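Everything below concerns the one structure shown next.
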Amino acid sequence: MARKFFIGGNWKMNGSKGLVDNLVQALNDLPTDASTEVVIAPPFPYLDLVRRTLKSDVGVSAQNIYPQKAGAFTGEVSVDMLKEIGVNWTIIGHSERREYFKESDEVVGEKTAYGLTNGLGVIACVGEKLEEREADKTKEVITRQLHAISAAIAKGPNDWSKVVVAYEPVWAIGTGKVATPAQAQEVHADIRKWLSENVSPEVAESTRILYGGSVNAANCKDLAVLCSDVDGFLVGGASLKAADFVTICKTKYA
């Protein structure tokens with residue numbers, strides 16, 4: 001099964017109305033290509049504006065959700081609110097959520113299952129810290145994180161069709177360091193093997209696995225060409241630069 005290349009742009013806590021205008025215009029001018037799906041994740045205050053002004057074939061994602069329908073959860077945002085304004089994706093388990101907001105593997109699994117059950121596509125993030133890589137614990141960390149996500153999905157929607165897995169080596173996020181194509185391919189292959197052995201061969205074959213660590217316009221081609229299990233990118237800083245992000249979006253264009 002051919003997996004459609006996926007480009008996600010995570011703006012994190014960055015943006016302004018001027019930046020929205022600039023990036024949306026660049027994406028509206030981007031020719032549509034059947035090879036690639038593009039989804040961007042602005043901060044919450046800009047989601048409605050982006051969705052209303054962005055062409056329909058580019059998806060819009062939240063950066064987080066709360067796993068309840070509504071209630072006294074100050075500062076949180078529900079799936080229903082997002083869907084009402086046309087947001088159809090969410091990022092879950094980004095390393096910054098795990099690190100700064102102490103989201104556990106179990107919380108990440110719960111949010112993933114809740115988003116899926118309630119109709120969102122989920123970009124589920126996994127990845128190891130530098131000390132874990134240096135201690136040769138990359139595979140152990142990744143499989144632990146995947147197990148929590150898989151267990152929650154199995155208890156909930158039991159459907160992986162709207163899951164995209166993003167491997168983000170924490171030591172490469174925003175540091176300028178990038179996993180070599182060989183390093184990226186090794187972990188992506190391990191993720192696919194784990195999915196095959198612990199979920200199903202069909203899910204392993206169909207699930208898109210993104211690389212997300214300091215991807216930019218200069219390195220995207222090599223990562224895509226040299227890594228057979230890299231099905232796209234979750235882009236951070238470069239997604240805020242219109243020309244660079246457009247170049248990344250065109251990685252697989254004919």
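Computed from a predicted model, the values in this text were never measured in an experiment. Nothing fancy with the numbering, it's 1 onward along the sequence.
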Stepwise salt bridge (charged side-chain N to carboxylate O under 4.0 Å, His left out) check, Glu128 with Lys139
CA-CA 9 Å; Glu128 84 283 10; Lys139 189 172 181 179; over 6 Å; no
So does Pro31 get a backbone contact from the side chain of Tyr253, meaning a donor-acceptor N/O pair under 3.5 Å?
yes
Does Glu76 reach the side chain of Gln68, with side-chain heavy atoms less than 4.5 Å apart?
no
Do Glu168 and His94 get their side chains close enough for a donor-acceptor pair, meaning under 3.5 Å?
yes
For Glu37, run the salt bridge (charged side-chain N to carboxylate O under 4.0 Å, His left out) check against Arg208, Arg3, Lys4 and tell me which one passes.
Arg208
Could you measure the distance from the NE2 atom of His147 to the CH2 atom of Trp194? Nearest 0.5 Å is fine.
7.0 Å
Is a donor on one side and an acceptor on the other found under 3.5 Å between the side chain of Arg133 and the backbone of Asp136?
no
What distance do Lys193 atom NZ and Thr143 atom OG1 have between them, rounded to the nearest 0.5 Å?
11.5 Å
Qualifying salt bridge (Lys or Arg N to Asp or Glu O under 4.0 Å) pairs, either residue in residues 54-71, two or more places apart:
Lys69-Asp80
Under-4.0 Å salt bridge between Arg98 and Asp105
yes
Honestly curious: do Ile153 and Ile91 fall in one hydrophobic cluster under the side-chain, below-4.5 Å linking rule?
no
Counting heavy atoms not belonging to Asp29, are there more than 12 under 6.0 Å from its CG?
yes
Quick one: does Arg52's side chain get under 4.5 Å of Ile85's, heavy atoms only?
no
Using side-chain heavy atoms (C-beta onward) and a distance below 4.5 Å, is Phe233 in contact with Ile248?
yes
Using only atom types and a distance under 3.5 Å, with no angle test, would you say the side chain of Gln185 pairs donor to acceptor with the backbone of Ser228?
yes
Any side-chain heavy atom of Ile65 sitting closer than 4.5 Å to one from Ile92?
yes
Does any part of the side chain of Leu120, heavy atoms only, come nearer than 4.5 Å to the side chain of Lys83, both counted from C-beta?
yes
Examine distances only and state if a side-chain atom of Asn219 and a backbone atom of Asn216 form a donor-acceptor pair shorter than 3.5 Å.
yes
Nearest-0.5 Å distance that lies between atom CG in Leu27 and atom SG in Cys249:
6.0 Å
Under a 3.5 Å distance rule, please check whether Tyr167 uses its side chain to pair with a backbone N or O of Ile191 as donor and acceptor.
no
What's the separation between atom OG in Ser150 and atom CD in Gln145, rounded to the nearest 0.5 Å?
13.5 Å
Measure the spacing between CD of Gln183 and CG of Leu223 and express it to the nearest 0.5 Å.
10.5 Å
Within-4.5 Å side-chain heavy-atom neighbours: Val60 and Val39
no
Has Glu84 got more than 12 heavy atoms of other residues, nucleotides or ligands less than 6.0 Å from its CD?
no
Using residues 6-14 as the side-chain source, report each donor-acceptor pair under 3.5 Å to any protein atom, sequence neighbours left out, with the distance given to one decimal.
| from | atom 1 | to | atom 2 | distance (Å) |
| --- | --- | --- | --- | --- |
| Asn10 | OD1 | Lys12 | N | 3.1 |
| Lys12 | NZ | Glu96 | OE2 | 2.8 |
| Asn14 | ND2 | Trp11 | O | 2.9 |

What is the minimum heavy-atom distance between Val163 and Thr207, and which atoms define it?
O-CG2, 3.8 Å
Please give me the minimum heavy-atom distance between Ala113 and Ala152, naming the atom from each residue.
CB-O, 3.5 Å
Find out whether Val108 and Ile149 are in side-chain contact, i.e. whether some heavy atom of one side chain is under 4.5 Å from a heavy atom of the other.
yes
Do Lys250 and Leu30 come close enough that some side-chain heavy atom pair is under 4.5 Å?
yes
Kindly compute the distance separating CG (Leu240) from CZ (Phe245), expressed to the nearest 0.5 Å.
9.5 Å
